[in-house]
J.: 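Got a structure for you, questions after.
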There are 2 protein chains.
Amino acid sequence: MDRRTNMQILAANELFAGAGAEAIAAAYDASVGETFAAGETLFDQGAPATKLFAVFGGRVRLTQCTEDGQQVLIRYVGAGELAGFPVLADSPQYLLTAMAVHSVRAAHWDGPVIRNQIRANPVLAGNALSVLGRRYEQLQTRLRELSTENVEHRLAHTLVLLIEEAGERVPEGLKVGFPISRQDLAEMAGTCLHTVSRTLTGWEAQGLVGRGRQRVLVRDLEGLRALAES
Amino acid sequence: MDRRTNMQILAANELFAGAGAEAIAAAYDASVGETFAAGETLFDQGAPATKLFAVFGGRVRLTQCTEDGQQVLIRYVGAGELAGFPVLADSPQYLLTAMAVHSVRAAHWDGPVIRNQIRANPVLAGNALSVLGRRYEQLQTRLRELSTENVEHRLAHTLVLLIEEAGERVPEGLKVGFPISRQDLAEMAGTCLHTVSRTLTGWEAQGLVGRGRQRVLVRDLEGLRALAES
DNA sequence: CGGCTACTTGACCAGATTCAACTCTTGTGG
DNA sequence: CCACAAGAGTTGAATCTGGTCAAGTAGCCG
């Protein structure tokens, strides 16, 4: 891919929206392109936070692990999004593990490099703040759901968000555009895979969803949304 | 209070740490001082996000409410801290309600004003990012706890954090430095006030804590910490 | 075909919420 | 100054959501 195309890809990233062409060029020249195979980690929980990643294609899963091996899935990061916020905030280490779900194209910058770029450009600083702010608000909302809503609501909402973020039209309805297991859904909704499985079985009987291995098909998005609100 | 004192107070705020004297003076001149009586709100959930607040004294409670009136307590904000992040991130509305627990001294800036200050000063931009980043990480961790830990662990951890943030030495041990009800604790730990009450009763029998109206006394901080970790 | 992983399903159990009744504090007004 | 109302907290009993344990099935890849 030529330089021009790559710069366009970068310009589409949430951090660089509205930044001038020179800023994007500078960021591009300072970046290091990379690809990751499915299962590779971009960074690991507990490691020193050294690189900020911009994802261009594929899907990255951000999880936090407890000592006894339980996981929580914080979010999926897709094309145009960032991963590795601790680097922006100048925090010492990653609190999450970022793993490629399937082949990922990305770029990274070393902490001091990207912090310099941001310092030099108020637009980038503003973007960084608003991206972090949005993420913060999403977490707040999830926290509230987790303490006040029951599993079915939470799972319905999780599915709705996944479809909105990565839904793909198929003949029978909408499907999540990347492989996702019952375990993954459980870790997102704050429950166990058994309960997810049971709930999906129930929903299938009601015609809301279809099921498959590492795959969920949504037949009635509005129905799910209604479940998530109620 | 004279201008000089006020500027020192501002300089101690997390947003202005390390900013030059001129930047602090400029921020001070652009700020509007205010006080709030116990129970007054600095801003309300759903209202347009117009002002960023810096708290100088007292304690502010940030809560998110569900439609049916259930609340989640996101955090307490004390002296030297900020409230109203959506303004920094240029989000349209507050997702939280900020209420004074007891008399609060604060200052505020209108969104465009403070965003200008930040745009003009990379130190402020960096501080804003790192403050938001820290808050984000705290939420992440709480989210993980809420999905993986049981009530007793979570409540123990909640208490430990409260003591670390606002603990005051008293003859019998440490107490939380502001009035806090069982309901408040429940909303922080993601449970109901009955369970909090029962748990505290149990802990009192073990000599870990003492109880009082809107008051919790910690007798054995290390013991609590052990409970929170295990 | 064999083995691995993902998934399903039933039975059981427990932590935690809900419901309800009651007590203790604190502050207010007659 | 006392009575009383309102708010905060405690506690027991019943219930239930959802997690754990266990066993078995289905799909996928070498």
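We name chains A, B, ... by the order of the sequence lines, and we start the count at 1 in each one. Since the structure is predicted, the reported quantities are computational estimates derived from the model, not experimental observations. Side-chain atoms are counted along with the backbone in the values below, which use heavy atoms only and exclude waters and symmetry mates.
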J.: Under the criterion side-chain hydrogen bond (donor to acceptor under 3.5 Å, both in side chains), I'd like the reasoning laid out for H153(A) against E145(A): C-alpha separation, chi angles, the key distance, then a yes or no.
T.: CA-CA 8 Å; H153(A) 285 71; E145(A) 282 182 10; over 6 Å; no

J.: Nearest heavy-atom pair of Y76(B) and E165(B): which atoms, and what distance?
T.: O-OE2, 3.3 Å

J.: Which label fits H102(B) and F178(B): parallel for a plane angle under 30°, tilted from 30 to 60°, or perpendicular past 60°?
T.: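 H102(B) and F178(B): perpendicular rings.
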
J.: Could you pull out the closest heavy-atom pair between R59(A) and A166(A), with the gap in Å?
T.: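 It is NH2-CB, 3.5 Å.
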
J.: Can you name the nearest heavy-atom pair linking E40(B) to T35(B), along with the distance?
T.: OE1-O, 4.3 Å

J.: Roughly, in whole Å, what's the span from CD1 in I180(A) to C1' in dT5(C)?
T.: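 After rounding, the reported distance stands at 17 Å.
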
J.: Whole-Å distance between dA6(C) P and E187(A) CD?
T.: 11 Å

J.: Does a distance-only test, which skips hydrogens and angles, find a donor-acceptor pair under 3.5 Å between the side chain of R198(A) and the base of dG10(C)?
T.: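 It does, because a donor-acceptor pair links the side chain of R198(A) to the base of dG10(C) below 3.5 Å.
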
J.: Return the value, rounded to whole Å, for the distance between atom CZ of R215(A) and atom P of dC7(C).
T.: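 In whole Å, dC7(C) P and R215(A) CZ are 12 Å from each other.
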
J.: Would you kindly give the CH2-to-P distance between W203(A) and dT8(C), to the nearest whole Å?
T.: 13 Å

J.: Rounded to whole angstroms, how far apart are CD on Q214(A) and P on dT8(C)?
T.: 12 Å

J.: Base, sugar-phosphate, or nothing: which does T195(B) touch, judged by heavy atoms less than 4.0 Å apart?
T.: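 If one applies the 4.0 Å heavy-atom cut-off, T195(B) turns out to touch a base.
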
J.: If only side-chain N and O atoms count, and only distance matters, is there a donor-acceptor pair under 3.5 Å linking E152(B) with N150(B)?
T.: no

J.: Can you check the Q183(A) CD to dT8(C) P distance for me, whole Å?
T.: 13 Å

J.: As a test of understanding, state which of F43(B), F53(B), F56(B) forms a ring pair (Phe, Tyr, Trp, His ring centres under 6.0 Å) with H108(B).
T.: F53(B)

J.: What pair of heavy atoms forms the shortest contact from P86(B) to Q93(B), and how long is it?
T.: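 Shortest heavy-atom contact: CB-O, 3.7 Å.
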
J.: On DNA chain D, reading 5' to 3', which nucleotide is the first and which the last to sit with an atom under 4.0 Å from a heavy atom of chain B, could you check?
T.: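 Footprint of chain B along DNA chain D, 5' to 3': dG7(D) to dA13(D).
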
J.: What string of B, S and - do you get for nucleotides 20-28 of chain C, 5' to 3', if B is base contact, S is sugar-phosphate-only contact and - is no contact with any protein heavy atom under 4.0 Å?
T.: B----BS--

J.: After noting the C-alpha distance and the side-chain angles of R134(B) and E137(B), does the key distance pass the salt bridge (Lys or Arg N to Asp or Glu O under 4.0 Å) rule?
T.: CA-CA 5 Å; R134(B) 220 177 309 139; E137(B) 293 183 340; over 6 Å; no

